[in-house]
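Below, each value reflects all heavy atoms present in this structure, side chains not excepted, and no hydrogens, waters or symmetry copies. For clarity, every value in this text was computed on a predicted model and none was experimentally measured.
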Amino acid sequence: MKAISFDTTNALCGSILTAVGLFFAWQSFGLELGTAFRMGPGYFPLLLSVVLTLLGVIILVQSARVNHEPMGPIAIRGMLFILPAPIFFGLTVRGLGFVPAVFLTALIACFASHRMKPLWAVAVSLGLAIFSVAVFSYGLNLPFERFGPWVRF
């Protein structure tokens with residue numbers, strides 16, 4: 001009979017997710033929960049914390065089945081481009097407007113991969129900007145400026 005071995009990285013991540021989910025579930029009980037049809041302020045945080053706890057438990061269980069795989073190199077380039085992209089969007093969406101902010105945010109995020117070519121990055125960013133305007137501006141009629149005061153001529 002084989003002994004159960006844990007992948008320490010996944011076990012640690014699963015434990016942290018489970019603990020954070022349980023903490024927020026406990027905190028949400030301090031708020032009024034309500035019902036599914038009349039949700040209180042604690043209903044949605046409780047729902048999200050239950051999902052987070054379940055995902056943590058799934059990762060924890062899967063860590064017992066995985067043979068120890070070597071951890072690959074840390075994706076520094078991905079962190080340098082992906083993490084600042086939403087911050088850039090939040091800081092520039094009012095000044096640039098929705099269209100340029102989405103385009104530039106997508107352009108920044110595209111270069112997280114070393115395989116991304118500049119022309120393809122511009123095409124992907126342009127497609128995402130057009131799709132976002134079609135969905136959020138025309139489809140959902142959200143009230144935002146497409147082009148902000150920084151880019152008006």
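- Residues Thr92 and Ala101 share a closest heavy-atom pair of OG1-CB, 3.9 Å.
- Between Phe29 and Ala25, the closest heavy-atom pair is CD1-O, 3.1 Å.
- A donor-acceptor contact shorter than 3.5 Å links the side chain of Arg77 to the backbone of Phe111.
- Using bins of under 30°, 30° to 60° and over 60° for the plane-to-plane angle, the ring pair Phe98/Phe144 lands in the tilted bin.
- Residues Trp26 and Leu52 fall within the same hydrophobic cluster, defined by Ile, Leu, Val, Met, Phe, Trp and Tyr side chains chained together at heavy-atom separations under 4.5 Å.
- Phe147 and Leu126 fall within the same hydrophobic cluster, defined by Ile, Leu, Val, Met, Phe, Trp and Tyr side-chain heavy atoms under 4.5 Å apart, directly or through other members.
- Under a hydrophobic clustering in which Ile, Leu, Val, Met, Phe, Trp and Tyr are joined whenever their side-chain heavy atoms come within less than 4.5 Å, directly or via other members, Leu119 and Leu128 fall into different clusters.
- The CG atom of Leu142 sits 7.0 Å away from atom CZ of Phe136, with the distance rounded to the nearest 0.5 Å.
- Here Ser137 pairs with Arg146 under the side-chain hydrogen bond (donor to acceptor under 3.5 Å, both in side chains) rule; sequence neighbours left out.
- Placement of Ile76 and Ile82 in two distinct hydrophobic clusters is found when ILVMFWY residues are connected by side-chain heavy-atom separations under 4.5 Å, directly or transitively.
- Judged purely by atom type and a 3.5 angstrom limit, Ser125 uses its side chain to pair as donor or acceptor with the backbone of Leu107.
- Scanning both residues, Leu33 and Tyr43, for their nearest heavy atoms gives O-CB, 3.2 Å.
- Phe89 has its side chain out of reach of Leu104: every pair of non-hydrogen atoms, C-beta onward, lies at least 4.5 Å apart.
- Interatomic distance, CZ of Phe24 versus OG1 of Thr53, reported as 10.5 Å (0.5 Å rounding).
- In this structure the side chain of Val133 reaches within 4.5 angstrom of the side chain of Tyr138, judged on heavy atoms.
- The main-chain N or O of Val102 is never found under 3.5 Å from a side-chain atom of Thr105 such that the two would form a donor-acceptor pair.
- When all heavy atoms of Cys110 and Ala121 are compared, the closest pair comes out as CB-CB, 3.7 Å.
- For the pair Met79 and Pro84, the tightest heavy-atom approach, listed with the atom from each and the gap, is O-CD, 3.5 Å.
- Between the CG atom in Leu60 and the CG atom in Leu12 there is a gap of 10.0 Å [rounded to 0.5 Å].
- Within a 6.0 Å radius of CD in Glu32, no more than 12 heavy atoms belonging to other residues, nucleotides or ligands are found.
- Two residues are said to be in side-chain contact when any heavy atoms from C-beta on lie closer than 4.5 Å; Val122 and Phe103 meet this criterion.
- No continuous path of hydrophobic side-chain contacts links Ile59 to Leu54 [ILVMFWY only; heavy atoms under 4.5 Å].
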Please set out all donor-acceptor pairs under 3.5 angstrom arising from side-chain atoms of residues 13-23, sequence neighbours excluded.
| from | atom 1 | to | atom 2 | distance (Å) |
| --- | --- | --- | --- | --- |
| Ser15 | OG | Ala11 | O | 2.7 |
| Thr18 | OG1 | Gly14 | O | 2.7 |
| Thr18 | OG1 | Val57 | N | 3.3 |

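- Counting heavy atoms of neighbouring residues, nucleotides and ligands inside a 6.0 Å radius, atom CZ of Phe88 exceeds 12 of them.
- Using a 4.5 Å heavy-atom cutoff, the side chains of Met39 and Thr35 are not in contact.
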